[in-house]
Peer 1: 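Before I ask anything, here is the structure I am working with.
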Amino acid sequence: MLPVIIAFTLVSCTCGENPAIQVILTNKGLQYGKHLGAGWIQKNLEVITFPDITGKIDLSIIGSIHYTLTGVRITKCDFPEPSVEFIQDPAGFKSSTSGLSVALSGGWKTHYLAIHDGGSFDMALFNVDVTSAVELGKDADGHMSVTSVSCDAHIGNVDINFYGGASWIFKPLVEHFKGHIRDEIQAKICPAVKEEIANLEHSLQAMNVSFEVNKDLSLDIPLTGLPVIEASSLNLGFKGEFYSVKTHQEPPFKAQMFTLPEQPGFMLSAGLSDFTVNSASFSYFSAGLLQALINDSVIPPSSPVHLNTSAMGPFIPQLPKMFPNLLMNLQVYARQFPEVSFQPGAVKMSFLAAVKAFAIQPNATQTPLFKLNADSDLSGKVWIADGRLKGSVMMNNLTLSLVSSEVGTFKTDALETIAKIGVKMFLSKVNLQLGEGIFLPRLRHAQLVNPVLTVEKGFIAISSDAELLTERSFN
């Protein structure tokens, strides 16, 4: 069960917020994790060594015999696949292993009065049953927490043979040893399980819930509430908010609640709300990064229009008369943060920009010419095909309006027409790249299998199976 929790939390914390990112682990995913975990345990049990087992046997006739079993290791293990299920009270997992049989070997030491002896032994444990339950929660910082709430262990029978030394003396006492050794081992199972769960809890507390994505953006992904356990699924809600590294300013909007449907035919589902995307957009905007300087060097030589005052004569007749044959710069910047909206089957974006035009004088000084507002609406689609995330985008509308002018008023209709042509040419090149797509991101040791993407109102949902790539994932 522990590898299942580890694998799930690695794909993984401010209370009372609506989550902008949701992840659902279904029973299918839980059972896949259980199967991988059982295989990992079976493989690694044989390299585990155990602490010494010590005790004493009080025999009324001859007194107490003190014993130590040392260097105990597993030589063979019949490990039946455990059962793992979601539980709702408390909210977490329950794991049961029944009928486990283990062959052990090691050394023995005894002392009775002044007599010390030793040798080797073989031991077999039969019908070992272990049942453990853990509760999932969150701490004040939004880390997932894991707490052991119950554990029960029972060993059905023990068979032991002593070799070497004066083992023949102790063979008649094997029945006495068996009961003590069984009780000693049985008493150590649940503390060992709880210790591993405590180690996992310590690792979860050390995980980052905020990290830098690049030099400009950071992402906060603490849990926003307690894990929600249903009969066949686990739902985690994450904050999913981007911040500007420079300003760390809160956006003027909040994450809205959305319901990510459970897809029991897939191992997991993930939902990303438009809040997360818009928080990134606002972060870039608040840091003053949504601006660009365009000069004639970026205009294709074949373009019929260039950033030159004389070339702009057909659109602004007075411009070449006032400033003949001068190169121009355009300062383009966002007036508001670009807003993205997820709608059923489509992604929409509105972009409100401003354009300031300058003439470059022979002495390199810049003379202001005019300012335009450029308002555009775009829509697009995204889908998954051939293991790649693909998409397309189109312009729905573009409007230019004159805000101010140092060269007198002029109509913007012709400029708007040219701008639309330019944007459409640019988007055609973008769509070629979007049509080729990009490979889906994957976890460090796992990849998505047969993912399905849908765009819903307010969020994008991806449902998928998963495949472990390396066994090291469980180490």
Side-chain angles (χ1 to χ4, degrees), residues 214-217 244-249 251-252 280-340 349-378 393 395-430:
N214 54 38
K215 64 182 180 64
D216 300 311
L217 285 185
S244 165
V245 172
K246 179 180 179 181
T247 66
H248 204 80
Q249 183 178 346
S281 173
F282 177 79
S283 296
Y284 280 119
F285 174 76
S286 65
L289 299 176
L290 297 183
Q291 56 181 311
L293 184 65
I294 301 175
N295 54 42
D296 194 60
S297 65
V298 302
I299 306 297
S302 59
S303 172
V305 179
H306 282 267
L307 289 180
N308 181 285
T309 53
S310 296
M312 298 294 288
F315 310 102
I316 311 173
Q318 66 270 36
L319 184 58
K321 298 177 182 177
M322 299 175 64
F323 301 98
N325 200 31
L326 294 178
L327 290 175
M328 298 171 60
N329 280 340
L330 300 181
Q331 183 184 357
V332 183
Y333 59 93
R335 301 186 344 252
Q336 299 179 18
F337 70 91
E339 186 171 2
V340 174
M349 185 181 77
S350 61
F351 185 39
L352 305 182
V355 181
K356 289 184 178 180
F358 299 86
I360 303 175
Q361 299 290 346
N363 62 1
T365 60
Q366 297 191 69
T367 301
L369 300 176
F370 55 84
K371 176 183 176 182
L372 300 173
N373 280 349
D375 300 342
S376 60
D377 290 312
L378 304 173
V393 61
M395 181 180 64
N396 298 325
N397 187 41
L398 173 63
T399 301
L400 295 183
S401 57
L402 182 63
V403 178
S404 61
S405 175
E406 285 77 9
V407 296
T409 61
F410 57 90
K411 293 183 178 181
T412 60
D413 296 355
L415 279 176
E416 185 176 294
T417 299
I418 291 296
K420 288 179 178 179
I421 294 173
V423 171
K424 288 180 179 179
M425 291 176 61
F426 172 74
L427 291 181
S428 66
K429 295 181 179 180
V430 171

Peer 1: Can you tell if the side chain of Q291 reaches within under 4.5 Å of the side chain of V332, non-hydrogen atoms only?
Peer 2: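 When only atoms from C-beta onward are counted, V332 and Q291 do not touch, as no gap falls below 4.5 Å.
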
Peer 1: Minimum heavy-atom separation for E406 to P368, with atom names?
Peer 2: CB-O, 3.6 Å

Peer 1: Find the distance between CD1 (I294) and CD (Q331) and round it off to the nearest 0.5 Å.
Peer 2: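 Answer rounded to 0.5 Å: 10.5 Å.
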
Peer 1: Would you sort out whether V305 and F315 count as a side chain to side chain contact (heavy atoms under 4.5 Å, CB included), showing the intermediate values?
Peer 2: CA-CA 10 Å; V305 179; F315 310 102; 3.9 Å; yes

Peer 1: Donor-acceptor pair, T417 side chain versus D413 backbone, under 3.5 Å?
Peer 2: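 Looks like yes, one N/O pair under 3.5 Å.
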
Peer 1: Within this structure, what is the CZ-CG distance for the pair F358 and L307, rounded to the nearest 0.5 Å?
Peer 2: 13.0 Å

Peer 1: For R335 and F285, which heavy atoms make the closest approach, and how far apart are they?
Peer 2: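 So the two residues come closest at O-CZ, 3.5 Å.
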
Peer 1: Would you find a donor on one side and an acceptor on the other, under 3.5 Å apart, between the side chain of S303 and the backbone of I299?
Peer 2: no

Peer 1: Can you list the residues that meet the ring pair (Phe, Tyr, Trp, His ring centres under 6.0 Å) rule with H248, with sequence neighbours excluded?
Peer 2: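 Result, ring pair (Phe, Tyr, Trp, His ring centres under 6.0 Å) vs H248: Y243.
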
Peer 1: Checking Q318 side chain against V407 main chain: does a donor-acceptor pair fall under 3.5 Å?
Peer 2: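 Checking the backbone N and O of V407 against the side chain of Q318, a donor-acceptor pair under 3.5 Å is found.
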
Peer 1: Can you confirm whether more than 12 heavy atoms, excluding those of M425, are under 6.0 Å from its CE atom?
Peer 2: no

Peer 1: Check whether any side-chain heavy atom of F323 lies under 4.5 Å from a side-chain heavy atom of L369, and answer yes or no.
Peer 2: yes

Peer 1: For N363 versus T365, what's the shortest heavy-atom pair and its separation?
Peer 2: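 Looks like OD1-OG1, 2.6 Å.
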
Peer 1: Main chain of L400, side chain of T412: is a donor-acceptor contact present, judged purely on distance under 3.5 Å?
Peer 2: yes

Peer 1: Grab the two heavy atoms, one from A287 and one from T247, that are nearest each other, plus how far apart they are.
Peer 2: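 Smallest heavy-atom distance, with atoms named: CA-CG2, 4.3 Å.
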
Peer 1: For the atom pair CD (E416) and CD1 (I421), what is the distance rounded to the nearest 0.5 Å?
Peer 2: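 The CD atom of E416 sits 11.5 Å away from the CD1 atom of I421.
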
Peer 1: Does some side-chain heavy atom of F282 sit less than 4.5 Å from a side-chain heavy atom of S244?
Peer 2: no

Peer 1: With sequence neighbours left out, write down each residue that passes side chain to side chain contact (heavy atoms under 4.5 Å, CB included) with S281, or none if nothing qualifies.
Peer 2: F337, P338

Peer 1: Rounded to the nearest 0.5 Å, how far does NE2 of H306 lie from CE of M328?
Peer 2: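 M328 CE to H306 NE2: 13.0 Å, rounded to 0.5 Å.
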
Peer 1: What residue among N373, V355, L372 forms side-chain contact (heavy atoms from CB on, under 4.5 Å) with V403?
Peer 2: N373

Peer 1: Report the C-alpha distance between L402 and F370 in whole Å, list the side-chain angles of each, state the deciding distance to 0.1 Å, and finish with yes or no for side chain to side chain contact (heavy atoms under 4.5 Å, CB included).
Peer 2: CA-CA 8 Å; L402 182 63; F370 55 84; 4.2 Å; yes

Peer 1: Mind listing the closest non-hydrogen atom pair of A311 and P314 along with its distance?
Peer 2: O-CD, 3.3 Å

Peer 1: Considering only heavy atoms from C-beta outward, does the side chain of K215 approach that of V245 to under 4.5 Å?
Peer 2: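 No - every pair of side-chain heavy atoms lies 4.5 Å or more apart.
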
Peer 1: Stepwise, does the side chain to side chain contact (heavy atoms under 4.5 Å, CB included) test hold for L378 with L427?
Peer 2: CA-CA 10 Å; L378 304 173; L427 291 181; 4.3 Å; yes

Peer 1: Are side-chain heavy atoms of K321 and I316 found at a separation under 4.5 Å?
Peer 2: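 K321 does not reach I316 side chain to side chain.
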
Peer 1: Can you tell me how far apart CG (N295) and CG (L327) are? Round to the nearest 0.5 Å.
Peer 2: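 Here the rounded value is 8.5 Å.
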
Peer 1: Is there a side-chain contact between Q366 and N329 in this structure, where contact means two heavy atoms from C-beta onward sitting under 4.5 Å apart?
Peer 2: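 In short, these two side chains touch, coming nearer than 4.5 Å.
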
Peer 1: Does the side chain of D296 pick up a donor-acceptor pair with the side chain of N308 at under 3.5 Å?
Peer 2: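 On atom types as modelled, these side chains do not qualify, holding no pair under 3.5 Å.
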
Peer 1: Starting at CG of N325, measure out to OG1 of T309 and round the result to the nearest 0.5 Å.
Peer 2: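 If we round to the nearest 0.5 Å, N325:CG and T309:OG1 are 6.0 Å apart.
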
Peer 1: Let's go through E339 and F351 carefully: what are the C-alpha distance in whole Å and the side-chain angles of both, what is the deciding distance for side chain to side chain contact (heavy atoms under 4.5 Å, CB included) to 0.1 Å, and is it a yes or a no?
Peer 2: CA-CA 7 Å; E339 186 171 2; F351 185 39; over 6 Å; no

